[in-house]
There are 2 protein chains.
Amino acid sequence: MPGTEATPQVEDGTANAPRPDRRARRRLETIEEILDIAVEVMGEEGVNGLSLAEVARRLGVQPPSLYKYFPSLMAVYDALFLRGQLQHLDALRDAMSRADPGLPALCSGLDASGRWALEHRAVAQLLFWRPVPSFEPSPEAFAPSIEMVALQRAALADAVAAGQLGPGANAEEAVYLVSTMISGVLTQAFANEPGLQWGEGRFTPLFPKLMALLPAAFPVSGGPPAVWRPAP
Amino acid sequence: MPGTEATPQVEDGTANAPRPDRRARRRLETIEEILDIAVEVMGEEGVNGLSLAEVARRLGVQPPSLYKYFPSLMAVYDALFLRGQLQHLDALRDAMSRADPGLPALCSGLDASGRWALEHRAVAQLLFWRPVPSFEPSPEAFAPSIEMVALQRAALADAVAAGQLGPGANAEEAVYLVSTMISGVLTQAFANEPGLQWGEGRFTPLFPKLMALLPAAFPVSGGPPAVWRPAP
DNA sequence: GTCTATAGCCTGATAGAC
DNA sequence: GTCTATCAGGCTATAGAC
């Protein structure tokens, strides 16, 4: 918040003491740089392969210096988690707002979600695959994902209201079904097609086909959909 | 193969030198024990958390002793991968053979596959999620997965022949669609519902519903199914 | 096949000078 | 906020005695 300090100062601040907010900004830039490098390391060594020593090496500082910015390795993971959630939420919301409400918004949003995940593989795995057993995201870092679910649920409700999907899509289950579909596509792409973009390969092109199954999963004309039942 | 040795010996073998095949059997038992402990460790520390030192500790030997059985940590991963593939293939094949050919066999097989994965989470992740970047399975360890795909493809072909699915299910794509569905269910269950069994929770009960969508994905009465098309 | 001993690497984290 | 130095521990893997 500018103007908090009582002593005004010129903008390029060549005074003896740097303006406090300038120092703070510089600090934030360093933090962002640390996180960027951490993402880079995770991409090469795997999400678990992140080490502060490697980050320090690439940043050109000694490992202890990083502890001025993050109190522990887990705090770095948490910051990565939060930043990733916010970025992903932005991508989802933006794509949803550009499409018609209801099913189109849902499909566009998930399409953007999948695209984001493939462009940020390491972070996406940290967010949705939980590959670091000793890391549990803090409630603050986890919060955006609640908003994400709410957006999808609202889009499903719009689709029901618009007659694009049957009333079954209002159930809790519908959100889980949709997230399971996108999750399957991304898992297969990650595991079997490293390096390919969204829309390429054997798996991500399946996403539109899966979305096209939603009306069959939640038929408009009443009556429960058929379910295959496993033998006991 | 018994009888290979020229010198016959009593079965409980208290002679000076143990029978060679007895020694070999004992060695195989030790190898199995090492792999069992490795699975246990992965379950607690994550797939990446496997370390030979920890295995040795639990086995009650010193770490160097393990190198008499496996030349490296990656060789242990590879043995785990192969054993897991074979176990999983057995579960799949067995369940398929107990159901009617075609769609029932496919659904039963995948049901058993999912059940196996949830009962062997750590190994399943090693097989299908590839969480250890530095580990690439050997061709021999990977071979059973080719058989697995062949089984599923054959069941889909049977389903088409029986009129349960349309001809689209004969395409390569159909196997990928099915594997994507099961993969999504398992990913969500692993990440969000540790400790739950197959059939419990929010995600694994979705599997029958997903299978029930296959006839909609590959309709019998010709004509391409609708596809949602992302905006450019 | 088991052990001791050890090389040679890595890590996270802290203390304290500047 | 940076550094040096260091602790305390982990790991894979090898050499060589028994």
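What you see is a predicted model, and the numbers here were worked out from it, not measured in a lab.
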Between the main-chain N or O of [Y] and the side-chain N or O of [X], is there a donor-acceptor pair closer than 3.5 Å?
X      : Y      : value
B/T204 : B/E200 : yes
A/S179 : A/Y176 : yes
A/S97  : A/D94  : yes
A/H88  : A/G84  : no

Open item on the list: What range of DNA chain C does chain B touch, first nucleotide to last, counting atoms under 4.0 Å from its heavy atoms?
Closed with: C/dG1 to C/dA5

In whole Å, what is the span from the [atom1] atom of [X] to the [atom2] atom of [N]?
X     : N      : atom1 : atom2 : answer
B/L52 : D/dT12 : CG    : P     : 5 Å
A/L66 : D/dT4  : CG    : P     : 14 Å
B/L73 : D/dC11 : CG    : C1'   : 10 Å

At 4.0 Å (heavy atoms only), tell me whether [X] reaches a base, stays on the sugar-phosphate, or touches nothing.
X     : answer
A/P63 : nothing
B/R27 : sugar-phosphate
A/F70 : nothing

- [ ] Map A/E54 and B/S65 onto DNA chain C by nearest heavy atom, then report which one ends up closer to the 5' terminus.
- [x] B/S65

Task: Contact nearer the 5' end of DNA chain C, comparing B/G60 with A/S72 - done: B/G60

Task: Pair A/L89-A/Q85, side chain to side chain contact (heavy atoms under 4.5 Å, CB included): steps then yes or no - done: CA-CA 6 Å; A/L89 183 58; A/Q85 288 278 14; over 6 Å; no

TODO: State, without any angle test, whether B/D111 and B/W198 hold a side-chain donor-acceptor pair at a distance under 3.5 Å.
DONE: yes

TODO: Answer yes or no: does a side-chain N or O of B/R57 lie under 4.0 Å from OP1 or OP2 of D/dC11?
DONE: yes

Open item on the list: Judged by each residue's nearest nucleotide on DNA chain D, which is more toward the 5′ side, A/P64 or A/K68?
Closed with: A/K68

